[in-house]
Amino acid sequence: MLFPIQWSKPMARCLLLRRHLTAASAAAAAAATPPLPARSVHRVLDRSAHTDRIQELARLGRLREAREVFDAMPHRSIFAWNTMISAYCNNGMPKDARALVDAISGGNVRTSTILLSGYARLGRVLDARRVFDGMLERNTIAWNAMVSCYVRNGDITMARRLFDAMPGRDVTSWNSMVTGYCHSRQMVDAWHLFEQMPERNLVSWTVMISGYARIEQHRKAWDIFCMMHREGLSPDQSNFASVLLAVTGLRDLGVLEGLRPLALKTGFESDVVIGTSMLNAYTRDASALDTAVKFFEGMPERNEYTWSTMIAALSHGGRIDAATAVYERDPVKSIPCQTALLTGLARCGRITDARILFDQIPDPIVVCWNAMITGSMQNGMVDEAKELFDRMPFRNTISWAGMIAGYAQNGRSEEALDLLQALHRNGMLPSLSSLTSSFFACSNIGALETGKQVHSLAVKAGCQFNSYVGNALITMYGKCGNMEYVRQVFNRMRVKDTVSWNSFISALVHNNMLEDARHIFDNMLSRDVVSWTTIISAYAQAERGNEAVEFFKIMLHEHQVPNSPILTILFGICGSLGAPKLGQQIHTVAIKHGRDSELIVANALMSMYFKCGSADSHKVFNSMEERDIFTWNSFITGCAQHGLGREAIKMYKHMESAGMLPNEVTFVGLLNACSHAGLVDEGWHFFKSMSRDYGLTPLLEHYACMVDLLGRTGNVQGAELFIYDMPIEPDAVIWSALLGACKIHKNAEIGRRAAEKLFAIEPSNSGNYVMLSNIYSSLGMWVEVAEVRRIMKQQGVTKEPGCSWMQIRNKVYSFITGDKQHEQIEEIESTLKDLYTSLRTTGYVPDTEFVLHDIDEEQKESSLLYHSEKLAVAYGLLVTPKGMPIQIMKNLRICGDCHTFIKFVSHVTKRDIDIRDGNRFHHFRNGSCSCGDFW
């Protein structure tokens with residue numbers, strides 16, 4: 001902390017004596033002075049008119065004109081000076097305010113308090129403290145201002161220290177400290193201090209009600225209001241507004257309706273301010289918008305905020321035409337109403353209409369300009385926003401902040417940082433919003449050094465201890481990979497809110513420090529839905545889906561309501577694990593909380609059911625009221641995974657009929673569908689249609705699909721020529737598709753060339769060696785097989801074992817090829833041997849060409865017996881009731897022998913067996929497979 005300026009005792013006494021003598025002389029002069037003549041009275045009135053004009057111009061943001069009025073005053077009282085200083089402070093221009101303070105040698109106590117408060121509003125705590133420490137006299141108002149400064153900027157520890165040091169406190173002092181605790185969500189401390197207050201006023205009660213509403217303890221806020229009412233206090237406008245906010249949070253319109261008799265009894269409902277607050281409470285509940293309109297129509301009096309509240313609510317509810325109609329009825333069409341409609345039109349994407357309205361305003365104030373800039377940025381019209389910004393006759397800190405944020409959020413981070421530099425060159429210090437947006441811009445482009453410079457600027461502005469700045473710094477340093485700075489910022493933060501902890505966890509996750517993130521998460525005092533989203537997402541990304549699901553269960557146990565991102569992540573996990581029953585349970589949770597109809601959730605849900613091989617995917621699609629490009633792409637891709645090429649094409653045609661334009665992902669799904677169904681002509685048609693009909697340039701993924709399509713259908717040589725004719729360099733996926741085709745059609749020559757390309761691109765990928773070895777072994781080329789194995793050993797490459805898993809009664813069982821450690825391995829082996837015996841009588845012959853070792857036939861057959869999918873099928877037959885479908889997931893492509901074996905098993909046992917391998921689904925029904933033996 002800063003130490004107070006140490007004045008020498010003689011100097012301090014001299015200054016104090018001079019100030020007291022000046023005051024005494026002024027008082028004596030006033031007593032001895034006869035009544036002012038008429039001209040002097042007019043002069044005093046002129047001064048009052050001048051200061052009123054300065055205040056009005058300052059309110060409108062027209063500081064240049066306000067200064068001209070001030071400079072033109074022939075005689076300026078200390079009140080005039082303070083008015084001009086206050087104007088600068090209120091408009092974020094502390095440098096100019098400071099210059100005026102210095103011009104009158106500090107002014108009086110009020111002058112210093114105004115400057116102190118101005119610094120506080122800008123987050124410049126250190127500058128505010130310097131002013132406070134430099135004051136020779138301090139009254140309670142000055143102490144309160146400094147306490148409020150710490151409170152405003154989130155430094156509750158310093159606020160409390162100063163509060164405890166106050167020589168005398170009034171109710172405002174107590175209210176400021178309680179407010180600090182409420183703003184930092186420390187409601188236990190707030191309540192403790194509230195109970196100690198020697199005197200409470202309506203502000204005290206209002207602060208507590210608002211504090212509990214802030215942390216969404218709306219019932220507690222309502223209880224405090226009821227307590228206040230029982231103590232005989234009647235609410236005022238502010239108090240009513242705060243309790244209405246709490247009632248809104250209760251989502252109980254019955255309580256709101258129950259509050260109206262009190263408003264009538266106290267005469268407040270007819271008060272336009274309270275009436276507007278009640279209207280605002282109705283509008284916060286989307287389901288009560290019609291009730292809000294009815295209440296609005298019945299109001300006896302409306303002010304500009306009443307009209308603007310109704311316009312904003314209708315706009316936010318998607319009724320922009322109704323909002324426009326209300327605006328047309330407004331007799332005044334005030335600035336708030338114009339701004340509300342401008343914002344609504346911009347939010348709805350109707351920027352042209354917003355611009356027409358803006359151009360109709362004869363002298364738009366800075367708020368209107370800012371609304372247009374923000375709206376343009378929100379709709380990606382960055383150049384239009386810049387044109388408006390350049391034309392602005394006056395810019396305030398919000399103007400700069402809006403432009404910087406807009407640039408950063410629209411992927412033009414360098415321009416955001418250039419604008420911050422321009423702001424600084426103009427002699428202005430950035431606002432908190434500008435700083436946080438600049439840190440976001442640095443995060444976007446990994447500009448660590450620039451981020452450090454902006455950090456230094458935040459220190460210069462005195463904002464480094466602000467929680468918003470601290471949280472943004474943690475995110476920025478985390479995304480730039482500097483965890484040392486992340487820890488320094490976090491440890492030095494004086495106030496750590498939930499966002500701070502969440503930001504720290506995100507930084508750890510981003511830098512692959514998952515166990516550290518888990519430790520921090522476990523030690524959080526309070527968690528919000530973002531905390532849970534961050535940790536669940538982290539475990540999902542680390543492919544630790546089971547642990548992510550366990551977190552979700554704990555979250556529900558702690559009565560935390562899941563949001564859409566969490567549900568989307570969990571559906572993705574269920575799809576990856578092939579756990580449809582778990583997916584159905586989470587689907588039920590989504591329905592319970594009304595999230596299942598949200599587009600992002602419905603898309604993830606449909607995709608999950610497709611990946612789990614469930615027909616519920618079609619049900620979800622058909623029930624969706626809204627569909628976007630992701631919906632259609634997911635359905636087409638799902639059809640491709642199941643080998644439903646014709647249905648994928650049919651869905652594509654429905655998509656075209658619905659007016660939805662395809663994108664690159666659409667064509668990847670279509671080409672995959674054609675490949676898995678052997679639709680060569682259709683595949684060529686879609687590949688050419690991309691550029692011809694939609695102007696889309698084929699990417700590597702599209703070329704890989706075409707190679708796969710040509711190769712699968714037997715045209716291996718044509719697939720190779722297609723690769724050499726590509727206009728872009730082929731990647732590993734493309735050569736792998738060609739190698740896979742060579743494996744299917746036993747083409748050793750082309751397969752060897754493809755494998756050599758793959759060995760150079762990804763020498764550690766065991767799958768490429770295994771595929772080439774498969775080709776050689778199927779042709780009896782054992783010398784070449786041995787050479788491939790030698791290369792693998794030399795390169796230190798080990799074969800990825802085949803793994804299959806299945807979910808039975810909410811438990812996942814996994815099997816590894818050659819696994820003899822399973823607790824029921826004897827029963828599984830016995831079942832498989834019995835199956836081998838019975839299947840041979842129906843025509844099954846083990847296909848030993850898929851064994852990679854030169855051993856006798858009996859050993860080859862025994863080797864095939866222990867493939868993971870066979871173990872899983874046998875276990876499923878052992879532990880599930882007769883006739884029950886069996887669903888299995890496998891990490892690698894199913895081999896030919898296992899495919900034939902399971903076809904026979906489905907026929908003999910009369911079981912439906914579904915297997916999702918590394919490429920697609922196989923649905924085995926009564927001796928045949930949905931792939932038509934084409935995979």
Side-chain angles (χ1 to χ4, degrees), residues 704 707-708 710-712 714-724 729-804 815-819 846-871 890-901 917-919 935:
V707 171
D708 191 54
L710 294 171
R712 280 178 188 275
N715 189 4
V716 179
Q717 188 173 7
E720 186 181 28
L721 291 173
F722 179 83
I723 293 174
Y724 289 124
E729 187 71 21
D731 65 354
V733 177
I734 290 172
W735 290 113
S736 180
L738 181 62
L739 182 59
C742 292
K743 176 176 176 290
I744 294 170
H745 299 288
K746 302 178 184 179
N747 191 317
E749 182 182 352
I750 296 177
R752 178 183 54 77
R753 289 198 293 268
E756 287 172 352
K757 295 286 187 181
L758 286 165
F759 295 163
I761 297 172
E762 42 182 26
S764 300
N765 187 338
S766 63
N768 301 325
Y769 299 91
V770 172
M771 274 202 283
L772 181 60
S773 188
N774 272 330
I775 297 170
Y776 288 148
S777 64
S778 67
L779 295 169
M781 301 169 66
W782 299 111
V783 174
E784 286 78 3
V785 170
E787 176 62 16
V788 172
R789 293 175 65 189
R790 185 192 68 78
I791 296 172
M792 288 180 70
K793 187 175 181 180
Q794 182 181 353
Q795 295 287 342
V797 178
T798 55
K799 180 186 175 184
E800 180 184 1
C803 177
S804 298
F815 307 86
I816 305 293
T817 294
D819 183 7
D847 190 348
T848 58
E849 75 173 44
F850 295 98
V851 178
L852 302 183
H853 301 276
D854 187 12
I855 52 180
D856 61 44
E857 285 299 307
E858 185 176 346
Q859 287 177 301
K860 288 181 180 181
E861 289 184 18
S862 178
S863 174
L864 289 171
L865 184 68
Y866 291 98
H867 279 197
S868 65
E869 54 266 57
K870 287 195 179 92
L871 296 174
K890 180 175 168 59
N891 63 332
L892 304 176
R893 183 178 180 273
I894 188 172
C895 79
D897 176 66
C898 288
H899 191 269
T900 303
F901 173 82
D917 69 9
N919 288 338
W935 85 103

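Keep in mind that what you see is a predicted model, and the values were worked out from it rather than measured.
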> Got more than 12 heavy atoms from elsewhere within 6.0 Å of CD, E787?
Replying inline: yes
> Could you give the distance from CZ (R789) to CH2 (W782), rounded to the nearest 0.5 Å?
Replying inline: 9.5 Å
> What closest approach, in Å, do N891 and P801 show between heavy atoms, and which atom pair accounts for it?
Replying inline: ND2-O, 3.2 Å
> Should I816 and S868 count as side-chain neighbours, where that means a heavy-atom distance under 4.5 Å?
Replying inline: no
> Which atom pair, heavy atoms only, marks the closest approach of C898 to K870?
Replying inline: SG-NZ, 3.3 Å
> Taking the side chain from S773 and the backbone from Y769, do they hold a donor-acceptor pair closer than 3.5 Å?
Replying inline: no
>> Once rounded to the nearest 0.5 Å, what's the spacing between atom CG of L739 and atom NZ of K757?
In response: 13.5 Å
> Do S766 and V797 have side-chain heavy atoms sitting under 4.5 Å apart?
Replying inline: yes
> Are any of the side-chain heavy atoms of R752 and Y776 separated by less than 4.5 Å?
Replying inline: yes
> Should D731 and I734 be marked as a side-chain contact (heavy atoms from CB on, under 4.5 Å) after you check the CA-CA gap, both sets of side-chain angles, and the distance that decides it?
Replying inline: CA-CA 6 Å; D731 65 354; I734 290 172; 3.5 Å; yes
> Does some side-chain heavy atom of E720 sit less than 4.5 Å from a side-chain heavy atom of E749?
Replying inline: no
> Atom CG of N747 and atom CG of L779: how far apart are they, to the nearest 0.5 Å?
Replying inline: 9.0 Å
>> Please find the pair of heavy atoms, one from I775 and one from G751, that lie closest to each other, and give the distance.
In response: CD1-CA, 4.3 Å
> K799 and M792: which non-hydrogen atoms are nearest, and at how many Å?
Replying inline: N-CE, 4.1 Å
> If you take all heavy atoms of G740 and M771, which pair is closest and at what distance?
Replying inline: CA-SD, 3.7 Å
>> Less than 4.5 Å apart, side chain to side chain, heavy atoms only: is that true for Q795 and F759?
In response: no
>> If you apply the rule side-chain contact (heavy atoms from CB on, under 4.5 Å), what do you find for N765 with L758, and how did you get there?
In response: CA-CA 9 Å; N765 187 338; L758 286 165; over 6 Å; no
> Closest heavy-atom contact between E762 and N768?
Replying inline: OE2-ND2, 3.0 Å
> Atom CG of N919 and atom CG of D708: how far apart are they, to the nearest 0.5 Å?
Replying inline: 7.5 Å
> How many angstroms lie between CD in E729 and CD1 in I761, if you round to the nearest 0.5 Å?
Replying inline: 7.5 Å
>> With side-chain contact (heavy atoms from CB on, under 4.5 Å) as the criterion, how do F815 and C803 come out once you've worked through the C-alpha distance, each side chain's angles and the decisive distance to 0.1 Å?
In response: CA-CA 6 Å; F815 307 86; C803 177; over 6 Å; no
>> Distance check, rounded to the nearest 0.5 Å: D917 atom CG versus C895 atom SG?
In response: 10.5 Å
